[in-house]
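Beneath this line is the structure, given in structure tokens, with notes to follow.
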Amino acid sequence: MKRTGAQIVWEMLKQEKVEVVFGFPGGAIMHTYHPRQEYDIRHVLVRHEQCAAHAADGYARASGQVGVAMATSGPGATNLVTGIATAMMDSAPIVCITGQVPTAVIGSDAFQETDITGITLPITKHNYLVTDVDDLAGVIHEAFYIARSGRPGPVLIDLPKDVQQAETEFVPPQEENRLPGYHPAGPGEPQAVRRAADLINDAQRPVILAGHGVLMSGAMNSLLAFAEKTQTPVAFTLLGKGGFPESHPLALGMMGMHGEAFVNKTIQESDLLLAFGMRFDDRVTGRLDRYAPQSRKVHVDLDAAELNKIVPVDVAILGDLRQVLEQLLPLVEPVSGQEWLKQVDRWREETHARDIVHQPHNDHVVGPQVINAIWEATDGEAIVTTDVGQNQMWAAQYYHFDCPQPIITSGGLGTMGFGLPAAIGAQIAQPDKEVWAVVGDGGFQMTAQELGTVIQEQLPLRIALFNNNYLGMVRQWQELFYDKRYESTYLVNPDFMQLVKAYGIRGWRVTDPTETDQAIAEAREHPGPALIEFQVAEEGEAGNVYPMVPSGAALHEMIRRPAPTAEGSLSQPPKVEVR
Ligand SMILES: Cc1cc2nc3c(=O)[nH]c(=O)nc-3n(C[C@H](O)[C@H](O)[C@H](O)COP(=O)(O)OP(=O)(O)OC[C@H]3O[C@@H](n4cnc5c(N)ncnc54)[C@H](O)[C@@H]3O)c2cc1C
Ligand SMILES: Cc1ncc(C[n+]2csc(CCOP(=O)(O)OP(=O)(O)O)c2C)c(N)n1
Ligand SMILES: [Mg+2]
């Protein structure tokens with residue numbers, strides 16, 4: 001059957017089982033938009049193309065499917081760039097389709113021409129400029145395969161206008177993709193697996209570092225079986241949250257710069273690190289030359305480029321984590337004795353005693369207590385997206401998952417403005433689930449225009465806005481390390497209640513900690529979208545994220561929240577403690 005390039009796009013999206021496209025039209029992509037209605041694929045009109053990419057990313061992380069974003073050439077395409085880089089850093093599978101000027105004028109600085117394949121070369125897993133309509137169906141088939149297979153990532157397809165208009169015989173590609181030089185890893189090399197098992201069976205103080213790869217490979221059950229059989233405690237990265245049930249006795253908590261102090265201590269004192277599908281980001285290791293100095297190290301990763309990249313290891317296993325864990329399972333034995341786990345629990349208790357959520361409310365609304373209240377109200381079953389900064393770290397520290405569920409957050413690029421559009425994508429992927437977007441006053445204002453998308457699509461998502469009148473995470477660094485000179489971090493904010501009212505969205509403002517639970521309950525009962533503005537402490541002990549590894553320090557050298565006094569007072573100033 002004859003089809004235009006534009007029709008082939010939708011035919012192929014149907015074949016790839018795409019249900020929704022996030023996008024924003026313009027001259028060079030209009031031709032592709034035109035036949036959409038004939039194909040029963042939903043289009044969500046965002047207010048800025050960056051948010052099309054973030055929404056596709058949020059959709060992908062909430063559904064496990066490839067997310068799709070569409071934009072026009074030139075400014076439409078360049079607006080996608082931050083969203084594509086965000087997806088690349090966190091291995092999120094998205095396909096972006098951009099319009100391009102006609103092939104005859106490419107390279108002539110034509111109206112709204114930009115070399116988007118050149119621009120996105122380093123931030124896509126792969127990209128294409130399609131110059132012949134006969135290639136189009138195959139390219140789209142391949143693009144989806146590349147985006148979701150192996151280590152997932154973003155793929156961009158640039159479509160010149162004449163290719164969209166050209167007609168050809170459409171033959172849906174049926175065969176499996178076989179790409180020369182692209183062979184996603186499967187099981188690990190047996191000898192390496194055997195050597196890893198020997199190290200595991202020799203270890204006295206092992207710890208698992210569970211990363212995003214656990215969720216991406218679907219290794220949750222295998223990890224649980226492995227941890228239980230070997231009796232190894234499990235620490236996780238920010239993106240590894242949700243890969244292991246957080247209420248399990250072997251679950252530790254988040255590691256790294258804002259991880260729990262006892263988790264970092266466990267890593268530093270261990271004699272074996274088992275890095276499973278994580279990439280030793282610098283937020284995770286702290287100072288490298290003093291990272292887990294007494295430990296042997298095993299690293300399992302699907303991407304050869306990650307092995308021995310940051311941390312040299314004793315055994316590197318290239319393979320899919322789920323398959324490698326299944327290979328390891330019959331070869332491993334429990335760690336002898338319970339002394340290590342008892343020691344870890346003693347460190348855990350000390351951390352627990354300092355935890356602000358176990359201390360009485362004070363005058364301020366404080367971030368951790370708000371997240372704890374949302375977690376309790378939702379039984380830990382909501383989908384949570386976050387922005388970047390203090391709000392993000394509080395969400396990571398205090399919203400706990402027992403089910404396989406990622407926290408949908410920009411970890412690697414740390415993109416402010418991600419939270420709201422990612423929640424839009426997540427809510428569309430999971431219409432029956434409760435979705436909370438946790439955002440800061442700074443980041444929210446980077447993409448707040450997407451409230452328009454929320455009402456146009458009638459999405460019932462909930463937004464927890466932490467208003468501290470500051471770019472809080474940067475201000476915290478200024479408070480602790482730059483003599484409290486709050487240079488360019490104070491924000492004069494709009495009246496957020498008026499802002500959401502203008503969109504027809506219900507708002508609540510919480511200024512007193514005793515109002516928190518009621519506001520959350522009302523927002524949850526409200527059928528439409530809802531925003532709660534929590535006016536949180538601006539600075540000082542109640543306004544900072546603890547604990548924290550200062551830059552240049554080793555992982556265990558954390559700035560801790562001061563221990564409570566007998567009266568439960570929290571008024572002491574923070575101090576640097578080297579433990
Ligand atoms: C303000 C801020 C503070 C932060 N603080 C912290 C912090 O305190 N602690 C923290 O942990 N993070 C923190 N982060 C996040 C951090 O920057 C990284 O994004 C995060 O640590 C990365 O986690 P990851 O390595 O598990 O995931 P990714 O970066 O997604 O890496 C996943 C790894 O798994 C591999 N993989 C993928 N699929 C498979 C498979 N099937 N089998 C095997 N391997 C696979 C990939 O190749 C990759 O190497 C912070 C971020 C921000 C913005
Ligand atoms: C696009 C972008 N610009 C700048 C930064 C640097 N940055 C990281 S956290 C932060 C402050 C965020 O402020 P806000 O959104 O109010 O969140 P808070 O930390 O106050 O919770 C800034 C500016 C960033 N991560 N992303
Ligand atoms: Mg703020």
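Everything numeric here is computed off the predicted structure, so don't read it as measured data. We're numbering straight along the sequence, starting at 1.
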### Task
Using a cut-off of 6.0 Å, state whether more than 12 heavy atoms not belonging to K14 lie near its atom NZ.
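Above 12, so yes.
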### Query
Got more than 12 heavy atoms from elsewhere within 6.0 Å of CG, N221?
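No, because the 6.0 Å sphere around CG of N221 holds 12 heavy atoms or fewer from other groups.
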Indicate every side-chain donor-acceptor pair of residues 245-252 with a distance under 3.5 Å to a residue at least two apart or in another chain.
residue, atom, partner, partner atom, Å
E246, OE1, K241, NZ, 3.4
E246, OE1, H400, ND1, 3.0
E246, OE2, K241, NZ, 2.9
E246, OE2, F401, N, 3.1
S247, OG, D402, OD1, 3.1
S247, OG, D402, OD2, 2.8
H248, ND1, L250, N, 3.0
H248, NE2, E228, OE2, 2.7

Report the distance from atom [atom1] of [X] to atom [atom2] of [Y], rounding to the nearest 0.5 Å.
X	Y	atom1	atom2	answer
T385	W436	OG1	CH2	11.5 Å
L223	S217	CG	OG	9.0 Å
T415	Q392	OG1	CD	9.5 Å
L159	L136	CG	CG	5.5 Å
L321	S222	CG	OG	7.5 Å
L179	Y145	CG	OH	6.0 Å

### Task
State, with a plain yes or no, whether a side-chain heavy atom of Y399 is found less than 4.5 Å away from one of I407.
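When only atoms from C-beta onward are counted, I407 and Y399 do not touch, as no gap falls below 4.5 Å.
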With sequence neighbours excluded, what pairs up with [X] under the salt bridge (charged side-chain N to carboxylate O under 4.0 Å, His left out) test?
X	answer
R3	E11
R148	E16
D57	R61
R279	D281

### Message
Apply side chain to side chain donor-acceptor pair (under 3.5 Å) to residues Q50 and T82 and explain how you reach the verdict.
### Response
CA-CA 6 Å; Q50 176 186 347; T82 301; 4.9 Å; no
### Task
Would you check if the side chain of K161 reaches a backbone N or O of H31 as a donor-acceptor pair within less than 3.5 Å?
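Not a single qualifying donor-acceptor pair exists.
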Mind checking what makes side-chain contact (heavy atoms from CB on, under 4.5 Å) contact with [X], not counting sequence neighbours?
X	answer
D303	R151, D301, A305, E306
Q449	R47, H48, C51, T447
P35	A6, Q7, W10, E38, Y39
L531	F444, I463, L465, M497, V500, E533

Donor-acceptor pairs under 3.5 Å, side chain of residues 519-530 to any protein atom, not counting sequence neighbours: which ones?
residue, atom, partner, partner atom, Å
E522, OE1, W508, NE1, 2.8
E522, OE2, Q518, NE2, 2.7
R524, NE, E434, OE1, 3.3
R524, NE, E434, OE2, 2.8
R524, NH1, A377, O, 2.9
R524, NH2, E434, OE1, 2.9

Got a list of side-chain donor-acceptor pairs under 3.5 Å for residues 67-76, not counting sequence neighbours?
residue, atom, partner, partner atom, Å
T72, OG1, A28, N, 3.1
S73, OG, Q112, O, 2.7

### Query
Just checking, is any N or O donor in the side chain of N127 or T120 under 3.5 Å from an acceptor N or O on the other one?
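Checked: N127/T120 side chains pair up, N/O donor to acceptor below 3.5 Å.
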### Query
Just by distance, with hydrogens left out, do Y182 and S149 show a side-chain donor and acceptor under 3.5 Å apart?
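Y182 vs S149: donor-acceptor pair found between side chains.
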Sequence neighbours left out, cut at 3.5 Å: what donor-acceptor pairs do the side chains of residues 424-432 make with other protein atoms?
residue, atom, partner, partner atom, Å
Q427, NE2, Q430, O, 3.4
Q427, NE2, K433, O, 3.0
Q430, NE2, A62, O, 2.8

